[in-house]
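Provided herewith is a single structure, encoded as structure tokens, for subsequent inquiry.
Hydrogens, waters and symmetry mates are skipped; everything else that's a heavy atom, side chains included, is used.
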Amino acid sequence: MEFSAKQIAEFIQGTIVGDENVTVHTFAKIEEGIPGAISFLANPKYTNYIYDTQSSIVLVNKDFEPEKEVKATLIKVDNAYESLAKLLNLYEMSKPKKTGIDPLAYIAPTAKIGKDVYIAPFACVGDHAEIGDNTFLHPHATVGNGAKVGNDCILYPHATVYHDCRVGNRCILHAGSVIGADGFGFAPSPEGYEKIPQIGIAILEDDVEIGANTCIDRATMGATIIRKGVKLDNLIQIAHNVEVGSHTVMASQVGIAGSTKVGEWCMFGGQVGLAGHIKLGDKVNIGAQSGIANSIKSGSTVMGSPAFEVKSYMRSSAVYKKLPEMYLELNNLKKELEELKTQLNK
């Protein structure tokens, strides 16, 4: 399927610089551009590629002004990256989609299946489970007894929704993700650790995306809740009774201990660890590998382990590199001071 620069510009409300009739049929990175491809330039580090790229169309921000001739047709937009996302979504939506239930899938007789659903071979839908319209279950995806999955969802291979858990509309669960496994609850006893039954559930609201092999544990009682629009990367652990506020994003290997509350629009770098029973406000940014032991106010940006305000952390890091030299200097000063004391005592 081909689209002209004029059609694309109308869809993303951009301004054309060049040939409005040039057409594209694929996407390419700007440094790997080919004729018939559309690319984008959002990061200034890649500006040099725009003068040599073979892509037919390049999306750029409105403030971009070339320093020399550009062969490609440019489409200027407010945000090139955001506009690319819109085009990629349009491209995905244009792909033909399968519907129907494969004979090798298992659907419990009491399950409710919506319209235009596709359930692949070896997928499993348990007793009294519900699958919404236009939802796609890949091979070996499992929806447990009494669980509910909304409309327009995608469950990739081996994604698992445990019994009674809830998944909203337009959610994506990548391969190996687990929604509603038991929380890590054990009571110490003289004989060892006695398991505490986890009788709550896990809830994913609308427009949530869960990365591969990420785990959202069910609550001991009540619910572990992932609010609307949350995006979680691969290999993340969310413990029992945690609540993650809407539109929060987390990079790989984040771990959140039980009963912690995370606000809206927060951003976590990779390998951030949060202690249990603390509260983070809205729009909190946390740098990679930070350890969070205490509650954090809204609007804070922190880093380090234990984490503290990011500007102080940067200054401390600069000093930390100089500690060996500072240690030697301190010892020399101590020696000089002792010598001065000795001379004064004479």
Distance, nearest 0.5 Å, that separates CG of Asp282 from OG of Ser246: 8.0 Å
Close side-chain approach of Gln237 to Asp217, heavy-atom, < 4.5 Å: yes
Verdict with reasoning, Arg166 to Glu130, per salt bridge (charged side-chain N to carboxylate O under 4.0 Å, His left out): CA-CA 10 Å; Arg166 304 287 183 263; Glu130 297 181 16; over 6 Å; no
Rounded distance [0.5 Å steps], CZ in Arg227 versus CG in Leu204: 11.5 Å
Derivation and outcome, salt bridge (charged side-chain N to carboxylate O under 4.0 Å, His left out), residues Lys322 and Glu325: CA-CA 6 Å; Lys322 299 177 182 178; Glu325 292 83 0; over 6 Å; no
Sub-4.5 Å side-chain heavy-atom contact between Lys97 and Tyr118: no
Taking every non-hydrogen atom, the tightest pair across Ile16 and Ala9: CG1-CB, 3.6 Å
OG1-CD1 distance between Thr142 and Ile179, expressed to the nearest 0.5 angstrom: 12.5 Å
Full working for salt bridge (charged side-chain N to carboxylate O under 4.0 Å, His left out) between Lys228 and Asp206: CA-CA 5 Å; Lys228 181 177 180 178; Asp206 296 345; 5.5 Å; no
Minimal non-hydrogen separation, Ala80 against Leu59, with atom names: CB-O, 3.9 Å
Donor-acceptor under 3.5 Å (Ser39 side chain, Val58 main chain): no
Atom of Lys297, atom of Val284 and distance for their closest heavy-atom approach: O-CG2, 3.4 Å
Gap separating the NE2 atom of His158 from the NE2 atom of His138, nearest 0.5 angstrom: 12.0 Å
Audit row: Lys95, Glu92, salt bridge (charged side-chain N to carboxylate O under 4.0 Å, His left out) steps and yes/no: CA-CA 6 Å; Lys95 289 182 178 180; Glu92 281 294 305; 3.0 Å; yes
Donor-acceptor under 3.5 Å (Thr135 side chain, Cys153 main chain): yes
Geometric class of the Tyr156/His174 ring pair [parallel <30°, tilted 30-60°, perpendicular >60°]: parallel
Nearest-0.5 Å distance that lies between atom CD in Gln7 and atom CD in Glu20: 10.5 Å
Verify same cluster id: Ile199, Ile196 (apolar side-chain graph, 4.5 Å): no
pair Ser4-Asn21: side-chain heavy atoms closer than 4.5 Å: no
Phe268 side chain reached by Leu280 side chain, heavy atoms, under 4.5 Å: yes
Interatomic distance, Gln54 atom CD to Glu31 atom CD [nearest 0.5 angstrom]: 13.5 Å
